[in-house]
Amino acid sequence: MLNVLITGAGGQLGQALCHLAAVSPNNYMPTDSAQLDITDEAAVETAVASLKPDVIINCAAYTDVERAEEEEAAAEKLNCQAVAFLAAAARRHGALLIHISTDYVFNGRSCIPYREDAPTDPQNAYGRTKAAGEEAVRRSGCRHLIVRTGWLYSETGRNFLRTMLRLTAERESLDVVCDQIGTPTYAGDLALAIFSIVDGGLYAGNEGTYHFSDEGACSWYDFAVEIASAAENSACRIRPCRTEEYPTKAARPAYGVLDKSKIRRTFGLEIPHWRESMLYCLQRLKNRNEP
């Protein structure tokens, strides 16, 4: 039986993993920041030494892209320094570290899906701190899987799908950026991929960096239109706008589609299209809200 430590278990991905862990024969140990402050090096060492995990899945991250522009030190603390503590403890105690990263480590100037060996060139503070976290893992010498993803959403927490559901129900019109392209990724799909790798023991000998998102690609505008249509929020007129018409503190990559050939080939994963998973998530939300 494997001991599997999950950090950031209260987030979208962490919750999805905990749901799957309930049917696992392995011992999953979920923790949130109140139970384990991963920015505290001594606390990380004590937890790993006492819990003796075979695998550590780090779902904790500073993910507020806008706020990170003003609080880069805080983002660095959670996205890099804390990751270095986890990686060092994993190395000392022989655990595998699965660390979640992002398409924002790239500059977004590509026109073809990014492979794992593409050069990183982050354009904002969030991307810089996540890229630094990746390097901390690699430098540590621990056994690891780094899994990059993007445009994550689920039934819980703050995310684009839930925001669009609310806004298209409340407003008569809405402007949404149409020139940023990526892949909406349901947290449950990423969780299932990680769970399959861990519970199947497939990570042994396959350490390295991987990309995972759902299949397909679209703009934020396309995603918003699909959400509103599926939710039958037809009264709201959704208008496409360009990035320069919607200024933000953080520069957003124009293109963040990830090439998933490696993770499919290595682990035999079947990855659903983003529309399929979006509809599944919306149905789960509907079922939850019905009496």
Side-chain angles (χ1 to χ4, degrees), residues 1-63 77-102 130 133-134 136-138 140-149 152 154-157 185-210 212 263 267 269:
M1 183 177 68
L2 293 173
N3 288 326
V4 183
L5 174 64
I6 302 175
T7 64
Q12 295 183 93
L13 179 58
Q15 289 186 54
L17 275 167
C18 289
H19 177 73
L20 294 169
V23 298
S24 173
N26 293 310
N27 178 33
Y28 282 78
M29 303 172 286
T31 63
D32 58 22
S33 58
Q35 296 162 313
L36 175 57
D37 178 5
I38 63 171
T39 67
D40 183 335
E41 185 174 15
V44 169
E45 171 60 25
T46 298
V48 174
S50 60
L51 297 174
K52 297 179 172 56
D54 300 288
V55 178
I56 302 168
I57 306 174
N58 180 34
C59 301
Y62 186 111
T63 58
K77 187 175 183 181
L78 188 54
N79 290 345
C80 180
Q81 294 175 22
V83 174
F85 297 156
L86 286 169
R91 179 182 52 77
R92 282 192 295 269
H93 297 279
L96 174 90
L97 175 62
I98 299 179
H99 175 62
I100 311 304
S101 192
T102 173
K130 292 297 287 185
E134 289 188 12
V137 172
R138 296 186 185 102
S140 74
C142 74
R143 293 183 299 123
H144 66 268
L145 298 180
I146 294 171
V147 182
R148 296 180 181 135
T149 191
L152 208 63
S154 74
E155 300 89 349
T156 63
T185 302
Y186 179 47
D189 292 338
L190 175 56
L192 181 58
I194 295 169
F195 180 77
S196 299
I197 292 167
V198 171
D199 259 38
L202 305 179
Y203 51 82
N206 290 316
E207 292 83 356
T209 301
Y210 293 88
F212 182 94
I263 201 166
F267 301 112
L269 299 179

Taking all atoms of both residues into account, what is the closest heavy-atom pair of [X] and [Y], and its distance?
X: Leu17; Y: Cys59; result: CD1-SG, 3.6 Å
X: Lys130; Y: Ala61; result: NZ-CB, 3.8 Å
X: Ala136; Y: Cys80; result: CB-O, 4.3 Å
X: Ala88; Y: Ser140; result: N-CB, 4.4 Å
X: Leu13; Y: Leu152; result: CB-CD2, 4.4 Å
X: Leu202; Y: Phe267; result: O-CE2, 3.3 Å

Open item on the list: salt bridge (charged side-chain N to carboxylate O under 4.0 Å, His left out) for Glu134 and Arg138? Distances and angles first, verdict last.
Closed with: CA-CA 6 Å; Glu134 289 188 12; Arg138 296 186 185 102; 3.1 Å; yes

Task: Residue pairs involving residues 83-95 (criterion salt bridge (charged side-chain N to carboxylate O under 4.0 Å, His left out); sequence neighbours excluded) - done: Glu45-Arg92

Open item on the list: Taking salt bridge (charged side-chain N to carboxylate O under 4.0 Å, His left out) as the cut-off, I'd like each qualifying pair that reaches into residues 10-20, sequence neighbours left out, listed once.
Closed with: none

Do [X] and [Y] come close enough that some side-chain heavy atom pair is under 4.5 Å?
X: Asn79; Y: Val83; result: no
X: Ile100; Y: Ile194; result: yes
X: Pro53; Y: Met29; result: yes

Donor-acceptor contact present, side-chain [X] to main-chain [Y], <3.5 Å:
X: Gln12; Y: Ser154; result: yes
X: Glu207; Y: Leu145; result: no
X: Asp189; Y: Leu192; result: no

Mind checking side-chain contact (heavy atoms from CB on, under 4.5 Å) for [X] and listing every partner two or more places apart, or none if nothing turns up?
X: Asp37; result: Thr39, Asp40
X: Ser24; result: Asn26, Tyr28, Phe195, Asp199
X: Phe85; result: Glu41, Val44
X: Ala90; result: Ile56, Ala95, Leu97, Cys142

How long is the gap from [atom1] on [X] to [atom2] on [Y], to the nearest 0.5 Å?
X: Ile6; Y: Ile57; atom1: CD1; atom2: CD1; result: 5.0 Å
X: Leu190; Y: Thr149; atom1: CG; atom2: OG1; result: 5.0 Å
X: Asp54; Y: Leu2; atom1: CG; atom2: CG; result: 5.0 Å
X: Leu86; Y: Ile38; atom1: CG; atom2: CD1; result: 5.0 Å

- [ ] Could I get the full list of ring-ring contact (aromatic ring centres under 6.0 Å, His included) partners for Tyr186, not counting sequence neighbours?
- [x] Tyr153, Tyr280

All side chain to side chain donor-acceptor pair (under 3.5 Å) counterparts of [X], not counting sequence neighbours:
X: Thr102; result: none
X: Tyr62; result: Glu71
X: Asn27; result: Asn3

TODO: Name all pairs fulfilling the ring-ring contact (aromatic ring centres under 6.0 Å, His included) condition that reach into residues 33-59, sequence neighbours left out, sorted by first residue then second.
DONE: none

Task: Contacts of type salt bridge (Lys or Arg N to Asp or Glu O under 4.0 Å), residue Glu155, not counting sequence neighbours - done: Arg284

